[in-house]
Amino acid sequence: MPFTSNPELPYVNLPFEWQGTPVTEKGRFVNHELPFNESLIELLKWQTQRNPQKAEKQNDLWRLNVPESCDFLNTQEDVIVWLGHASFFIRLSGISILIDPVFVNNPFLRRLCPLPVPIESFKNLDYILISHDHRDHCDEKTIRLLAANNPNTTWLTGLNMTKLLSGFTKSSKIQTAGWYQQYETDPKLKITYVPSRHWGKRGLGDTNLRLWGGFVIQCAGKTIYFCGDSGYGSHFADAAKVFPDIDYCLVGIGAYKPEFFMGQSHTSPADAFRAFLDTKAKMMIPMHYGTFDLADEPIGDPIRVLKQLDHTKGKIKYPDVGVSFL
């Protein structure tokens, strides 16, 4: 199998052999460990089987807590702020970063919790990171609004995402990386694109033509691992080898049922907890739940299950939407 990368970007130092991001002869990316299986039979099985939690899901009134007043944009403090689903605002040493912003409803997605601040409040952003092309992580309307209000921001993403993002942003400041490549950023900041076990698609015929992944952000003495969308795999333990002092592991716990179908793309609460332990991070921040209805589990199921598994004595942080922490 051939391998590819962005020849303009360096690799981080790796304690194991790495040939590059794997790609098929037809130019479609593949997971380096467990290839994605786009099975119509499995999809139909999911869509036609009975959901054993259907009644529970219909009656689940749990919703994320979103405080009425959020002031994280009005300070210069170092912060991590969860904005729902996989969206985060991060400020380190005065550098402002936004990850996977999906702030408005679209024909495919309706937010079940409000955005804690108006989208127009996000100005003077230094970097906007897009992990992959799925619409719950890469929303055209949100990106167009942010691009209009942040004309000087730099967009960081995976290989083959340039055409899609340039069409949304009209920006020439787009960097695309292969797995384990480091972007060109402010000298105080290091951002590395890292593997995840997932896939990419936006329309007909474009499955896996754009790369997916996560990010490791290093700045101000902190290391933050945003895992992106991912099923469980050895890449979590690899992250601990490449980045041996991870402070915060931002990992998904939702959109995981039925597990026979969702498991190759998303970690369940149990697998997310196992992934967190693999990374040897100091703190786990659960994400990818409570904001969109994407799977069979009730909206509050992922966080309830995770809390039942949590015997870490404070190593899992359960943030409210819009509240800063670090």
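Quick note: residue numbers are just sequence positions, from 1. Values below: every heavy atom of this structure, side chains too, minus hydrogens, waters and symmetry copies.
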So, [X] versus [Y]: side-chain donor-acceptor pair below 3.5 Å or not?
X    : Y    : value
D296 : Y256 : no
D278 : Y232 : yes
D126 : S96  : yes
K201 : T207 : yes
D139 : N106 : yes
D133 : W212 : no
D229 : H134 : no
K257 : Q53  : yes

Under 3.5 Å donor-acceptor, [X] side chain and [Y] backbone:
X    : Y    : answer
E297 : A255 : yes
S87  : L83  : no
T24  : R28  : yes
R91  : E77  : yes
Q175 : T157 : no

Is any side-chain heavy atom of [X] closer than 4.5 Å to a side-chain heavy atom of [Y]?
X    : Y    : value
D206 : L209 : yes
S230 : H266 : no
F215 : S131 : yes
L164 : C138 : yes
S166 : W155 : no
T21  : L211 : yes
I143 : T169 : yes
V251 : I285 : no

For the residue pair F273 and F276, categorise the inter-ring angle as parallel (less than 30°), tilted (30 to 60°) or perpendicular (more than 60°).
tilted
Any chance the rings of [X] and [Y] have centres within less than 6.0 Å?
X    : Y    : value
H235 : W179 : no
F72  : F89  : yes
W82  : Y248 : no
F122 : F103 : yes
H198 : H137 : no

Is any NZ, NE, NH1 or NH2 atom of the basic residue among D301 and R304 found under 4.0 Å from an Asp or Glu carboxylate oxygen of the other?
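Judged by the 4.0 Å cut-off on N to carboxylate O distance, D301 and R304 do not form a salt bridge.
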**Prompt:** Charged N to carboxylate O under 4.0 angstrom, K57 versus D60?
**Reply:** no
Tell me whether the count of non-hydrogen atoms from other residues, nucleotides or ligands lying under 6.0 Å of [atom1] in [X] goes above 12.
X    : atom1 : value
K280 : NZ    : no
K141 : NZ    : no
K188 : NZ    : yes

Side chain to side chain contact (heavy atoms under 4.5 Å, CB included) with L129: of L98, I97, I90, only one passes, and it is I97
Taking F226 as the fixed residue, which of I80, V216, D100, I217 is the one that meets the side chain to side chain contact (heavy atoms under 4.5 Å, CB included) rule?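 With F226 as partner, side chain to side chain contact (heavy atoms under 4.5 Å, CB included) holds for just one option, D100.
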Between F292 and R110, is there a cation-pi geometry (under 6.0 Å to ring centre, at most 45° from the normal)?
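Ring-cation test returns no.
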In short, W199 meets S265 closest at the heavy-atom pair NE1-OG, 3.2 Å
Co-membership, hydrophobic cluster, residues L156 and Y11, 4.5 Å side-chain: yes
key: Linked, directly or transitively: Y318 and V79 (ILVMFWY side chains, under 4.5 Å)   =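 No, because Y318 and V79 fall into different hydrophobic clusters, even though each may have its own neighbours under 4.5 Å.
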